[in-house]
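For reference, the structure discussed in these notes is given below.
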Amino acid sequence: MKPQSWWKIVEWRIVLAAALPIWLLIGGGLYLATLEREKSPIEVGSPTPPPRLSPPTPEPTEILPSPRIVREIVEAPHPPTVEISAVPRKIETGATVPVLVERLIQKIRDIQAPPEAPPVVAIKVEPANPDEAKGIPEDCKTHGTTVHFVKSPVEAFKQAATKDKLVFVVHLAGNIEDDGFT
Amino acid sequence: MNALAKPKVGDYLNDHFVSSHQKVGTFQKIGNDKVGGNVACYFCKIDGTVIHAIPGPVDEATFLSEARFAVELHHSALFLATTGNNKHANLTQKKTVYAKVIKKGFEDRVGPTVPANKSIKPVKGAGWQPDLSQQGMVNATLYQTPLPRLEVLYPYLWEKVLHEKLSAAPIAVR
C-alpha cells in the first residue's frame with residue numbers, strides 16, 4: 001500500500017477555517033500599527049524664520065509629510081495661525097498635530113505676554129504748593145505767616161464783597177517772608 | 001511782623017478779613033546788612049475806606065487788640081446805622097451814622113490826648129503833635145477824619161508817621 005502524502009492527510013478546509021480568525025487578527029494588528037505610524041512621526045523641513053505673529057490672517061498650515069507617504073493639510077483651530085516651521089525637529093511621539101499646534105500657539109502667547117509688572121513702590125508725593133496741604137485756599141499764600149494772603153488788594157476787595165468780610169491790607173518795605181525786613 | 005506768624009492772629013484775620021499785601025517802600029542793603037524796612041496794616045471796608053490802621057511792627061497782643069477794636073467798631077457802627085430809627089433811612093444817612101459811630105469809637109480811645117487842633121488831618125502839610133506815639137497819631141487822624149480812603153491815608157501814614165519813603169523798588173543796594 002502506497003503511503004498517503006502528508007498534505008492529503010490534513011483536512012485543509014478545516015485548517016483554513018481555523019486559521020482565518022488568526023490571520024484576521026494579524027492583519028488587523030498590522031493595519032492599526034500602520035495607521036499609528038502614519039500619525040505620529042513628523043519630520044519637518046529646514047528651520048525657517050521666526051513665526052509671523054502680526055498678520056492674523058487665517059492661513060492654512062501645511063505639515064510636511066513623514067517619509068511615508070501621506071500629506072495632510074491641517075487647519076489650526078484658532079484664528080492666529082502659525083506656520084509649523086518653528087516646531088522643533090524631533091517631536092515626541094504620541095502627540096497629535098492639533099495638540100502640537102495648540103502648544104505652539106501657547107508658546108507664542110507666552111512670548112507676546114507682557115513682562116511681569118514691576119513691584120509697586122509707594123512714593124510720597126509732596127504737593128506742588130505746600131500751602132495746599134495746610135487747608136489754605138488755592139489762590140492764597142501765607143508768605144511764612146499764618147495769614148492767608150490773596151495776590152493783590154484789588155482781589156482782596158472783590159473777595160471781601162462776596163464773603164461779607166472786611167479787608168486787611170499790609171503795606172511794607174522789604175520782603176514779607178523775612179521778619180528782618182519788616 | 002512777628003505778630004502775623006502767630007496762630008491766634010492768623011485765625012482771627014482769616015475769620016474776619018480777606019488779606020492782601022503790597023510793597024510800598026524800600027529797605028536799603030549796605031553790604032550784607034539790611035537797613036530800614038517797615039510795615040503798616042490797614043483794616044478796611046469793601047468800599048476802600050479805612051476803619052483802623054496800625055503803623056509799624058507790633059507784638060501779638062497789640063495786634064489782636066487793634067484788630068478786634070476795628071472789627072467790633074465796624075459791627076457796632078453797622079448795627080446802629082441799620083437798626084432802630086435808621087432802619088428805613090437812605091444810604092447817605094446810614095453812612096453818616098456809621099461814620100459818627102466810628103468817630104465816637106476813636107474819641108473814646110484817644111481820650112484827652114486828642115489835640116483840639118482841627119488841623120490834624122491825613123492830608124499833606126497837616127500839622128502833627130510830636131508828643132503822640134505812632135499809634136496815637138493814627139488814632140488822632142482817624143478821629144479827626146474817620147473813614148479816609150486807603151489811597152489818601154497810606155502815603156501820609158507812610159511818610160509822616162513812619163518817616164519812610166514810598167518806592168516801588170523792593171531793595172536799594174548801596
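Below, each value reflects all heavy atoms present in this structure, side chains not excepted, and no hydrogens, waters or symmetry copies. Every chain is numbered from 1, with letters handed out A, B, ... down the list of sequences.
- Of the listed residues (B:K8, B:H16, B:Q22), the greatest number of heavy-atom pairs within a distance under 4.5 Å of chain A belongs to B:Q22.
- In terms of hydrophobic clustering, with Ile, Leu, Val, Met, Phe, Trp and Tyr side chains grouped at heavy-atom distances under 4.5 Å, B:F69 and A:F168 are assigned to a common cluster.
- Taking chain A as the reference chain and counting heavy-atom pairs below 4.5 Å, the highest number among B:V9, B:V71, B:D15, B:L162 is found for B:D15.
- The most heavy-atom pairs under 4.5 Å with chain B, out of A:A156, A:S152, A:A161, come from A:A156.
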For this session: Show your working on side-chain contact (heavy atoms from CB on, under 4.5 Å) between B:V39 and A:V170 and close with a plain yes or no.
Result: CA-CA 7 Å; B:V39 63; A:V170 179; 3.5 Å; yes
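- Interface remark: of the candidates B:A40, B:A70, B:A67, B:A40 forms the most heavy-atom pairs closer than 4.5 Å to chain A.
- In this structure, CG in B:L157 is found 8.5 Å from CG in B:L142, a value given to the nearest 0.5 Å.
- Taking B:W158, B:F17, B:Y154 one by one and counting their heavy-atom pairs under 4.5 Å with chain A, the maximum is reached by B:F17.
- Relative ring orientation between A:F149 and B:H21 is described as perpendicular, the plane-to-plane angle rising above 60° on a 0-90° scale split at 30° and 60°.
- Top candidate by heavy-atom pairs under 4.5 Å with chain B, chosen from A:L166, A:V147, A:D164, is A:L166.
- Of the residues considered (A:E155, A:K158, A:H171), A:H171 shows the highest number of contacts with chain B, using heavy-atom pairs under 4.5 Å.
- Using a 4.5 Å cut-off between heavy atoms, B:K165 does not touch chain A at all.
- Atom OG1 of B:T49 is separated from atom CG of B:L147 by 5.0 Å, given to the nearest 0.5 angstrom.
- In B:N85, the CG atom is not crowded: 12 or fewer heavy atoms of neighbouring residues, nucleotides or ligands sit closer than 6.0 Å.
- Within the 4.5 angstrom heavy-atom criterion, only side-chain atoms of B:L150, from C-beta onward, approach chain A.
- Here A:R109 contributes atom CZ and A:I105 contributes atom CD1; the two are 6.0 Å apart, rounded to the nearest 0.5 Å.
- For chain A, no part of B:I54 is nearby; none of its heavy atoms comes within less than 4.5 Å.
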